[in-house]
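First comes the structure, then the notes that go with it.
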Amino acid sequence: MKSSSKAKQNNSDQALGRRRFLTGVSMAGGGAALGAMTGCDGGDNSAKNGKSGNAPKAHANKAEVAPGKLDDYYGFWSGGQSGEIRIVGIPSMRELKRIPVFNRDAATGWGATDFSKQLLKGTQSGDTHHVHLSYDKGTYDGRYVFVNDKSQARLARVNIKTMETDKIIDIPNAQGTHGIFPQRHKTGLVFCNSEFRTPLPNDGRDLDDPKKYAALHTAIDGETMEVKWQVMVEGNLDLCATDYKGLYSFATCYNSEGAVTLEGMMASDQDYCYVFNLANIEKAVKGGKSITLGDSPVPVIDARGENSEFVTRVPVPKSPHGVNIDPTGKYAICSGKLSPTCTVIAIDKLAEVFSGKIKPRDSVVAEPEVGLGPLHTAFDGKGNAYTSIFLDSVMTKWNIADALKQFKGEDVNPILQKIDVHYQVGHTNASMSETKDADGKWLVALCKFSKDRFLNVGCLHPENDQLFDISGEKMKLVHDGPTFPEPHDAVIVKSDLIHPTSIQPRTDDRFKMYADWAKEDGVNLMKDNKVIAKGPGKVRVYMTSMAPKFGMNEFQVKSGDEVQVIITNQDNVEDLSHGFCVPQHDVNFLVNAQDTQSYTFVAGKPGLYWYYCPWFCHALHLEMRGRMMVS
Ligand code: RUQ
Ligand code: CUA
């Protein structure tokens with residue numbers, strides 16, 4: 001402790017106390033395997049192995065990005081309990097944007113504008129966990145970002161052109177939608193795991209008969225966002241992954257015990273990595289071998305109980321969490337959570353597993369001990385894996401080829417380095433790690449606790465997203481990035497794959513909706529300023545904006561009218577946004593260059609209300625306003 005301040009010392013003591021507490025809790029449940037492990041003793045815990053005689057290679061990477069200089073990578077961060085997605089520049093770790101998805105966002109009006117309300121169907125919150133981009137031929141195609149909402153079992157899609165949410169769909173029959181992953185050979189299916197088991201259909205039957213509860217592995221078409229099929233299985237499905245060829249999807253499964261209490265879920269020393277055989281599932285769905293559940297028309301394959309042509313269960317130790325595929329597409333790596341190991345499954349052996357030639361466990365080709373509480377694994381494209389270790393609060397770098405040798409009985413230690421993180425790391429990811437083009441430059445460790453790393457800001461502390469330079473032989477910490485609610489996951493994407501537009505192209509579903517209205521009302525959105533009566537007590541106000549003026553200086557409505565204001569921003573200049581705000585009516589939304597946005601509200605008490613532009617757009621921005629007269 002450098003600090004001599006007593007308060008700070010106290011904070012640290014508490015923090016240490018909490019760290020011990022967290023370790024203790026998990027140890028208590030962890031059983032013999034964990035009890036036998038020793039923690040990490042801080043600092044750089046490079047393991048001795050045959051290779052460590054060489055002097056460490058110098059780091060060519062530079063984490064500093066000078067003012068005015070651009071980052072090399074886009075980081076797409078889930079916003080956790082905030083329900084949003086964040087864009088972070090890498091390596092500077094500068095937060096560039098927040099994209100509202102499942103949340104009500106006051107700055108943009110998301111969640112209150114007409115289109116966002118249609119997507120959100122009355123909800124105002126979400127719990128975003130996993131962000132992944134659409135793929136083509138094993139790398140990002142720069143079109144979509146997919147993100148799940150664990151709380152309401154939804155999948156959303158963001159269009160990278162506009163960086164706006166364009167679809168949100170409900171996943172039928174599912175609760176606790178957790179791991180998601182898109183196919184990597186093309187923008188095909190996006191798989192979503194439901195972590196919570198329920199009676200199916202969940203209509204009040206079998207409430208207290210947990211043996212009958214089941215979970216679902218759901219396939220959604222990434223282009224149309226239609227739910228294609230679901231597979232019903234036992235156990236809790238956690239994280240998700242796909243291979244590079246379009247043959248399989250993967251789900252880690254804990255609570256194979258089928259318990260409904262914490263103790264029960266940890267009783268067994270063995271759980272599974274489920275492997276879904278996509279061709280066999282689709283054949284059965286086409287052949288009508290599916291059922292439906294409740295009101296949902298989605299075909300469901302019941303694959304509970306035994307290994308089958310649809311799903312095989314590869315035994316892995318105790319409550320695995322993350323499953324990640326290495327950039328060569330050869331290995332699926334399950335991080336043990338309650339076991340100090342990573343289990344490496346050889347994907348090319350799975351065909352023999354499905355044909356019954358070998359047992360599921362025979363596809364396991366390595367199981368290195370990486371530390372206490374492994375959660376997720378990232379890759380550098382040079383044969384090394386980086387596993388986040390929650391309980392030990394370290395990142396472990398290990399070599400996959402060496403782990404394979406060790407498993408065969410050779411005397412090699414695959415562990416190359418352990419480095420402290422601050423503190424209790426959850427997800428980790430490296431630059432382009434989830435693609436065939438993993439480039440081994442940067443690694444982020446999303447730490448759940450920052451403890452004493454930042455100024456005390458009250459009861460809820462920031463989390464700490466740490467950036468490591470992994471271009472050299474050793475991981476090197478280069479940045480702490482405080483963040484607000486738990487950003488569960490992140491992917492790091494080369495900037496030359498991402499090409500957003502600055503001017504709204506007016507092409508997506510939202511514009512189809514406006515075009516329909518304009519046609520119905522005989523209005524030209526880009527030009528007209530008109531109040532149109534839409535039957536008793538209903539009006540539409542079409543209005544343009546161009547800095548520093550609205551197209552209408554005033555309009556009149558009656559108290560109690562349902563007013564729909566449709567604003568089109570005529571400005572065709574990059575970043576020239578306006579907005580529309582009405583005092584005492586809770587109306588406030590953003591309209592970007594060449595965009596149209598609409599908002600429906602009820603006109604309040606008779607009186608005069610100045611509507612104004614809340615976004616700084618011009619020297620005369622403060623004058624950009626008009627009168628709403630309510631009679
Ligand atoms: S989970 S900390 Cu929601 Cu991605 Cu592993
Ligand atoms: Cu338009 Cu301020």
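Ligands are counted one by one from 1 in listed order, and the atoms in each one are counted from 1 as well.
- Within the structure, the closest approach of K150 to ligand 1 does not fall below 4.0 Å when heavy atoms are considered.
- At a threshold of 2.8 Å, atom 1 (Cu) of ligand 2 has no backbone or side-chain N, O or S atom of H621 nearer than that distance.
- For H130 and H488, the distance between ring centers is not under 6.0 angstrom.
- Counting protein heavy atoms only, atom 2 (S) of ligand 1 is closest to H376 NE2, 3.5 Å.
- Numbered from 1 in the order shown, with element, the atoms of ligand 1 that lie under 4.0 Å from a heavy atom of G426 read 2 (S).
- Both the sub-6.0 Å distance and the 45° axial angle are not jointly satisfied by K448 relative to the ring of F390.
- Of the charged side-chain nitrogens involved, at least one lies within less than 4.0 Å of a carboxylate oxygen, so that R154 and D149 count as a salt-bridged pair.
- Look at H130 and atom 3 (Cu) of ligand 1: no N/O/S atom of the residue is under 2.8 Å from the metal.
- Atom 1 (Cu) of ligand 2 has no N, O or S atom of H618 under 2.8 Å away, backbone or side chain.
- Under the 6.0 Å distance and 45° angle rule, R313 does not count as a cation-pi partner of Y272.
- The side chain to side chain donor-acceptor pair (under 3.5 Å) with T377 is formed by just one residue from the set N429, D326, T387, N324; it is T387.
- Between E623 and R625, none of the side-chain N atoms (NZ, or NE/NH1/NH2) sits under 4.0 Å from a carboxylate O, so this pair counts as no salt bridge.
- Interface atoms of ligand 1 facing H488, defined by a heavy-atom separation under 4.0 Å, are 3 (Cu).
- Across H129, H427, Q424, H321, heavy-atom proximity to atom 4 (Cu) of ligand 1 is greatest for H427.
- Taking the six-membered ring for Trp and thresholds of 30 and 60 degrees, F580 and F589 have ring planes inclined between 30 and 60 degrees apart.
- Under 2.8 Å from atom 1 (Cu) of ligand 2 lies no N/O/S atom of S577, from backbone or side chain alike.
- Rounding to 10 degrees, one finds that atom 1 (Cu) of ligand 2 sits at the corner of an angle of 100° between H578 ND1 and C617 SG.
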